[in-house]
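Small disclaimer: the values here were computed from a predicted structure and weren't measured.
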Amino acid sequence: WLPEYFLPDASSEEKRMLETFLNRFLQRNDRIIVKEPSPFLDKIYRYAKDYQRMDETVQPLRTFIKVILQDSNRCKLLQEEEIEELPKSVMEKLEVGNFGSDRYLFESATGIEGEKIIVTTDERLIAHFAAEHFCHLALLDDFLESY
């Protein structure tokens with residue numbers, strides 16, 4: 001959700017949620033864990049390139065890259081060799097349906113010490129992993145209420 005919320009066709013509500021999330025993230029001095037390489041990073045950098053001539057769109061993306069992704073205090077880039085083995089129950093659920101493309105989210109979560117939270121807008125993903133105890137999946141709207 002995060003890369004897409006930077007795009008010009010994102011709704012005003014999506015842009016508001018992105019701004020709220022980023023402001024709170026920075027205020028709280030939180031840290032994100034991002035698998036490298038991953039579809040998340042691919043999208044962020046592709047969008048920054050695709051929209052490089054649209055200052056209104058690319059400037060927030062560049063700021064996100066500089067202030068968060070390139071700051072090791074705010075973002076841990078998790079390399080393939082650092083990823084811990086996922087629990088068998090998670091692996092089994094990833095193989096059902098079309099959830100395999102979300103594997104990188106769970107792999108990134110292995111780099112989190114303490115409570116593991118994946119913030120998503122995908123209600124199907126949340127429902128599919130509802131009984132999973134490896135990590136907590138939170139709907140963006142719900143997450144922002146208490147964040």
Next on the checklist: Is any side-chain heavy atom of Ile32 closer than 4.5 Å to one of Leu69?
Outcome noted: yes
Checklist entry - At their closest point, which heavy atom of Ile68 faces which heavy atom of Arg74, and how far apart are they? => result O-CB, 4.0 Å
Checklist entry - What closest approach, in Å, do Ala48 and Leu61 show between heavy atoms, and which atom pair accounts for it? => result N-CD1, 3.8 Å
Item to check | Min side-chain heavy-atom separation Glu36-Glu80 under 4.5 Å | outcome: no
Next on the checklist: Just to verify, which of Ile117, Asp30, Thr20 counts as forming a side chain to side chain contact (heavy atoms under 4.5 Å, CB included) with Tyr147?
Outcome noted: Asp30
Item to check | Side-chain touch Lys76/Val34, heavy atoms, less than 4.5 angstrom | outcome: no
Next on the checklist: Taking the side chain as everything from C-beta on, heavy atoms only, tell me whether His136 gets closer than 4.5 Å to Ile118.
Outcome noted: no
Checklist entry - Quick check: does any side chain N or O of His128 sit under 3.5 Å from a backbone N or O of Lys93, one acting as donor and the other as acceptor? => result yes
Item to check | Exam field: side chain Lys116 to backbone Ser108, donor-acceptor pair closer than 3.5 Å | outcome: no
Next on the checklist: Donor-acceptor check, side chain of Asp102 to backbone of Leu105, threshold 3.5 angstrom: yes or no?
Outcome noted: no
Item to check | Enclosure of Arg53 CZ (heavy-atom neighbours >12, cutoff 6.0 Å) | outcome: no
Next on the checklist: Using a 3.5 Å distance criterion without hydrogens, assess whether the side chain of Ser38 forms a donor-acceptor pair with backbone atoms of Tyr104.
Outcome noted: no
Checklist entry - Okay, side chain of Glu14, backbone of Ser11: is any donor-acceptor separation there less than 3.5 Å? => result yes
Checklist entry - Is the shortest distance from a Lys or Arg side-chain nitrogen in Arg16 or Glu13 to a carboxylate oxygen in the other one below 4.0 Å? => result yes
Checklist entry - Heavy atoms, side chains only, cut-off 4.5 Å: are Arg31 and Asn73 in contact? => result no
Item to check | Donor-acceptor pair between Asn98 and Arg124 side chains, under 3.5 angstrom | outcome: yes
Next on the checklist: Are Trp1 and Phe21 packed together at the side-chain level, in the sense that at least one heavy-atom pair is separated by less than 4.5 angstrom?
Outcome noted: yes
Item to check | Asn23 side chain to Glu19 backbone, donor-acceptor under 3.5 Å | outcome: yes
Checklist entry - Checking Glu95 side chain against Glu92 main chain: does a donor-acceptor pair fall under 3.5 Å? => result no
Item to check | Exercise: identify the closest heavy-atom pair between Phe143 and Ala138 | outcome: CB-CB, 4.1 Å
Item to check | Closest heavy-atom pair and its distance - Pro8, Thr57 | outcome: CG-OG1, 3.4 Å
Next on the checklist: Counting C-beta onward and ignoring hydrogens, is there a side-chain heavy-atom pair between Gln52 and Arg62 closer than 4.5 Å?
Outcome noted: yes
Next on the checklist: Just so I know, are the side chains of Gln79 and Glu81 near enough to count as touching, which here means a heavy-atom distance under 4.5 Å?
Outcome noted: yes
